[in-house]
Amino acid sequence: MQRKGVAFVERDIETKPSHKDEYVRAGGGRGVPFIVFGEKTMTGFSENAFDKHYAAFQLRSAAAPSGRGVGDVDLRSDMIAPQAGQTMLGKIAGVKVYTQPSKTSEKLVVLSKTDEVIYMGEERDGLYRVTTEKGDGWVDKLLLRKL
C-alpha cells in the first residue's frame, strides 16, 4: 500500500487486545491481513483484489455526501487513515501537539476539543504530522478523529 501511495492505519491484533476486539467487531476473525474499505472488507492479500476493492471504495467515497465514508458504520470509517489535507479534531480536550515526532519532545500547543488541525499526510511512530494555528507539530493518531 505504501508503494501505491495509499494511506492506511495498521493495527497489530497480536500485541493489543483492543485492536483484536476492533478486528472482530469489524467482521474479521478469518485471517490477516484484514483490510477495510469503508463498509467492504478483504481478508488475505491479492494485489488485483486490493486494486479492485480500493478503486470501488474511492468511487463510493467520492459519491458520499459531506465527504463522509459510505455507510453508517463509524468503526470501519475510523479505521481508514485520513487523507493529506483532511481536517481533524481531538477526541478529548487536552490533546498535546509535539514539536517533533516523539511524545517526549517539547509541546507546541495543547488542543481544546474544538481546535481543528490539518493532517499533513505523514505518520511516524503512531503520531500524525499536523498543522495548527501555532505551526506544524505531531499528535498521537489515536487521539484524533476526522471532521
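Everything numeric in this text was worked out from a predicted model, so none of it was measured. Because only heavy atoms are used, hydrogens play no part in the values below, and waters and symmetry mates are left out as well, while side chains stay in.
No single ILVMFWY cluster, assembled from side-chain heavy atoms under 4.5 Å apart, contains both L108 and L127. Clustering ILVMFWY residues whenever any of their side-chain heavy atoms sit less than 4.5 angstrom apart, transitively, puts I92 in the very cluster that holds V109. Linking Ile, Leu, Val, Met, Phe, Trp and Tyr residues whenever their side-chain heavy atoms come within less than 4.5 Å places V117 and V95 in a single cluster. When the side chains of ILVMFWY residues are joined at heavy-atom separations under 4.5 Å, either directly or via intervening members, V130 and V110 end up in two distinct hydrophobic clusters.
With sequence neighbours excluded, no residue satisfies side-chain hydrogen bond (donor to acceptor under 3.5 Å, both in side chains) with T43. Residues satisfying the side-chain hydrogen bond (donor to acceptor under 3.5 Å, both in side chains) test with T104, not counting sequence neighbours, are S102. For K96, the side-chain hydrogen bond (donor to acceptor under 3.5 Å, both in side chains) test picks out no residue, with sequence neighbours left out. Residues passing the side chain to side chain contact (heavy atoms under 4.5 Å, CB included) test with L89, sequence neighbours excluded: E116, R145, L147. Looking at residues two or more places apart in sequence or on another chain, you find a salt bridge (charged side-chain N to carboxylate O under 4.0 Å, His left out) between E47 and R3, K4. Applying the side chain to side chain contact (heavy atoms under 4.5 Å, CB included) criterion to V24, with sequence neighbours excluded, gives no partner residue. The side chain to side chain contact (heavy atoms under 4.5 Å, CB included) test applied to N48 returns S46, not counting sequence neighbours.
Sorted by first and then second residue, the pairs that involve residues 85-120 and meet ring-ring contact (aromatic ring centres under 6.0 Å, His included), not counting sequence neighbours, are Y119-Y128. Residue pairs meeting the salt bridge (charged side-chain N to carboxylate O under 4.0 Å, His left out) criterion with at least one member in residues 124-141, sequence neighbours excluded, are K103-D140, E122-R124, E122-R129, E123-K141, R129-D136.
Nearest heavy-atom pair across G121 and A84 is CA-CB, 3.7 Å.
The side-chain heavy atoms of I13 and F34, taken from C-beta on, include no pair separated by under 4.5 Å. Looking at heavy atoms from C-beta onward, D115 lies out of side-chain contact with T132 at the 4.5 angstrom threshold. Inter-residue side-chain proximity for R11 and K16 is flagged as unmet; no heavy-atom pair is nearer than 4.5 Å.
Once rounded to the nearest 0.5 Å, the distance linking OG1 of T87 with CG of L144 reads 11.5 Å. Distance check, rounded to the nearest 0.5 Å: CZ of F45 to CZ of F50 gives 6.0 Å. One finds the CD atom of E14 at 6.0 Å from the NZ atom of K20 (value rounded to the nearest 0.5 Å). In this structure, NE2 in H53 is found 9.0 Å from NZ in K40, a value given to the nearest 0.5 Å.
I118 shares a hydrophobic cluster with M120; the chain of contacts runs through ILVMFWY side chains whose heavy atoms sit under 4.5 Å apart.
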